[in-house]
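Structure first, commentary second.
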Amino acid sequence: MTLLRLISGNKFPPPSFPINHTTPNNSLKSHFRFLNYCPKSRTPICCISNCDQKTQSFDEMDKDSKWVSIESDVDEEYARELEVAVKAVHVACLLCQKVQERLVFDGDGENVQSKDDNSPVTIADWSVQATVSWILSQAFGTENVSIVAEEDIESLSKTDATSILSSVVKTVNDSLSSASRFGIKPPVTNLETTQVLEAISRCNSNGGPTGRFWVLDPVDGTLGFVRGDQYAIALALVENGEVVLGVLGCPNYPMNKEWLNYQNGYRRILSRLAKPDSASWDGNGCVLYAKRGSKKAWMQPLLSGDNSVISARPIKVSAIDNPVLATFCEPVEKANSSHLFTQGLAHSVGLRNQPLRVYSMVKYAAIARGDAEIFMKFARAGYKEKIWDHAAGVVIIEEAGGIVTDAGGRRLDFSKGVYLQGLDRGIIACAGASLHEKIMSAVDASWNSSSL
Ligand SMILES: Nc1ncnc2c1ncn2[C@@H]1O[C@H](COP(=O)(O)OS(=O)(=O)O)[C@@H](OP(=O)(O)O)[C@H]1O
Ligand SMILES: [Mg+2]
């Protein structure tokens, strides 16, 4: 059996796989082939193999195996989808780190474009979209993959965009060629420009109430990204209108939440001064993921340097329910959410801490990890929230024990197409029910006097 079958087929390996019985839980039938136990973190981890070799037997693959863990059972629904999605997001995170480094440190500003709505788009947005689209198509077959995603190829295909397009093609090929460290088999030859454009434009699903589709925000918080700050890569799987899987890559969100307070260059300089050692969780980013109904959410560190060990740890929302001790997060940009309105809400609920203003869906990650207790977003009237800005974050918070609704207490509806239709006033995510109710009551009490 070739590795390709493992990656692209829906079948799991045959039962004759070598299972390392040093695992403390032999009943866990991981969909990875080699169960083992991480000597450092003492968590169960599973080998994946170095896939850049043409065809390997499983025994051969074991020799150069690398470590990635996904705590799920081979028989569980969506196990294969989760495995592929987490790997794809890891690949995308490394891609973005490299592009951001060039953009911010080397002043490669040419690779930032403006979209029709004046929001920025960079080679990272298109490259991630192409890369994730290609990986999903390889894994499940192009005909089985439907993707709703933020970018299209309109501006990229214009004649004056040729140098950007070639940067995108190069970035995608560089990224896929090193994806083997995650067990993803790279293309046999570099992707042609047309293949890259096709991978991007294939993400043209409009979602809807039935069937299965992926939702991708290739770079959420592009403004944060171009400013050298926080951003996220968000991938979710929606089935019959319900988000069933969510994966959130946060390349600049390290283990230690204090780092969030250092914005822009200051944070970067600090992270450079204190380069993480390869096994450290402190300095590098993270990938969070969850599966609907599992009542568990997980976090992995990003690979750094030559490190090839990744173990996942469970995450939980904060237990704080006293407003005096709680912290709320909100968008950095006033244009995206009214700071004035949330300031009033904070005052009436009795929140005392300064708001944590963070770009992108990293805010969802902060709630899921227990670094903050409340996330509020109140966009201007008429703004229509897109499903890719929320899908992955919602399922991760919910499975980590939190609550996400609109201001009327209804769960967000991912079944109505590209937009979150029918959203009542704004979005409120909380660690617990008591804080959530307090915020909703405060919104009711002050909404009519707000200018929103
Ligand atoms: N006017 C307005 N109001 C509300 N929301 C908007 C608005 N404009 C954009 N967006 C969307 O917001 C995404 C950025 O995340 P946040 O809303 O959390 O804002 S911020 O990054 O913290 O400033 C951002 O995602 P990206 O485009 O992927 O960066 C947008 O989809
Ligand atoms: Mg976004």
Side-chain angles (χ1 to χ4, degrees), residues 41-43 69 71 86 89 220-221 230-232 234 243 246-263 267 276 280-302 310-332 342 346 349-377 390-405 427-439:
S41 66
R42 313 287 307 154
T43 54
S69 74
E71 280 71 4
V86 170
V89 169
D220 180 48
Q230 296 294 334
Y231 62 98
V243 185
V247 186
L248 206 47
C250 307
N252 282 340
Y253 187 14
M255 191 56 185
N256 184 343
K257 78 166 178 176
E258 272 65 51
W259 289 70
L260 271 183
N261 298 328
Y262 298 113
Q263 299 228 327
R267 185 189 51 73
S280 161
W281 280 72
D282 290 288
N284 212 2
C286 59
V287 173
L288 280 63
Y289 57 87
K291 182 164 60 163
R292 165 82 52 218
S294 65
K295 295 199 169 67
K296 283 184 206 127
W298 299 92
M299 173 164 68
Q300 294 178 325
L302 276 187
I310 306 182
S311 60
R313 63 171 68 170
I315 49 170
K316 276 233 142 297
V317 295
S318 161
I320 290 174
D321 62 359
N322 179 353
V324 174
L325 303 175
T327 300
F328 80 93
C329 6
E330 64 179 346
V332 175
T342 54
V349 169
L351 302 175
R352 297 283 172 267
N353 292 330
Q354 285 298 309
L356 189 58
R357 292 191 178 130
V358 187
Y359 292 102
S360 81
M361 256 188 276
V362 166
K363 293 183 277 293
Y364 279 98
I367 305 297
R369 270 175 39 163
D371 292 346
E373 286 72 30
I374 302 158
F375 161 47
M376 301 188 258
K377 180 172 179 182
H390 305 281
V394 168
V395 66
I396 292 169
I397 288 191
E398 288 178 343
E399 296 305 315
I403 303 168
V404 188
T405 69
I427 293 170
I428 303 169
C430 287
S434 151
L435 285 173
H436 187 254
E437 274 155 29
K438 288 188 173 86
I439 303 279

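Quick note: residue numbers are just sequence positions, from 1.
Residues Glu373 and Ser318 bring a donor and an acceptor atom of their side chains to less than 3.5 Å of each other. There is no side-chain donor-acceptor pair under 3.5 Å between Asn252 and Tyr359.
Within the 4.5 Å cutoff, side-chain heavy atoms of Tyr364 are placed close to those of Ile427. In this structure, Val362 and Cys250 have side chains that are in contact, with non-hydrogen atoms separated by less than 4.5 Å.
Shown here are the side-chain hydrogen bond (donor to acceptor under 3.5 Å, both in side chains) partners of Tyr231, two or more places apart in sequence or in another chain: there are none. With sequence neighbours left out, Glu330 forms a side-chain hydrogen bond (donor to acceptor under 3.5 Å, both in side chains) with Thr342, Arg357. Ala392 pairs by the side-chain contact (heavy atoms from CB on, under 4.5 Å) definition with Ala234, Ala236, Leu248, not counting sequence neighbours. Considering only residues two or more places apart in sequence or on other chains, Lys377 meets the salt bridge (Lys or Arg N to Asp or Glu O under 4.0 Å) condition with Glu385. Taking the side-chain hydrogen bond (donor to acceptor under 3.5 Å, both in side chains) definition, one finds that Ser434 meets it with Lys438, sequence neighbours left out.
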Show me the side-chain donor-acceptor pairs of residues 321-329 shorter than 3.5 Å, one per line, residues at least two apart or across chains.
unit_1	atom_1	unit_2	atom_2	d
Asn322	OD1	Val324	N	3.0
Thr327	OG1	Asn353	ND2	3.1

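Annotation: the span from Asp220 atom CG to Lys363 atom NZ amounts to 7.5 Å, rounded to 0.5 Å.
Lys296 has no carboxylate O lying under 4.0 Å from a charged side-chain N of Glu399, or vice versa, which leaves the two without a salt bridge.
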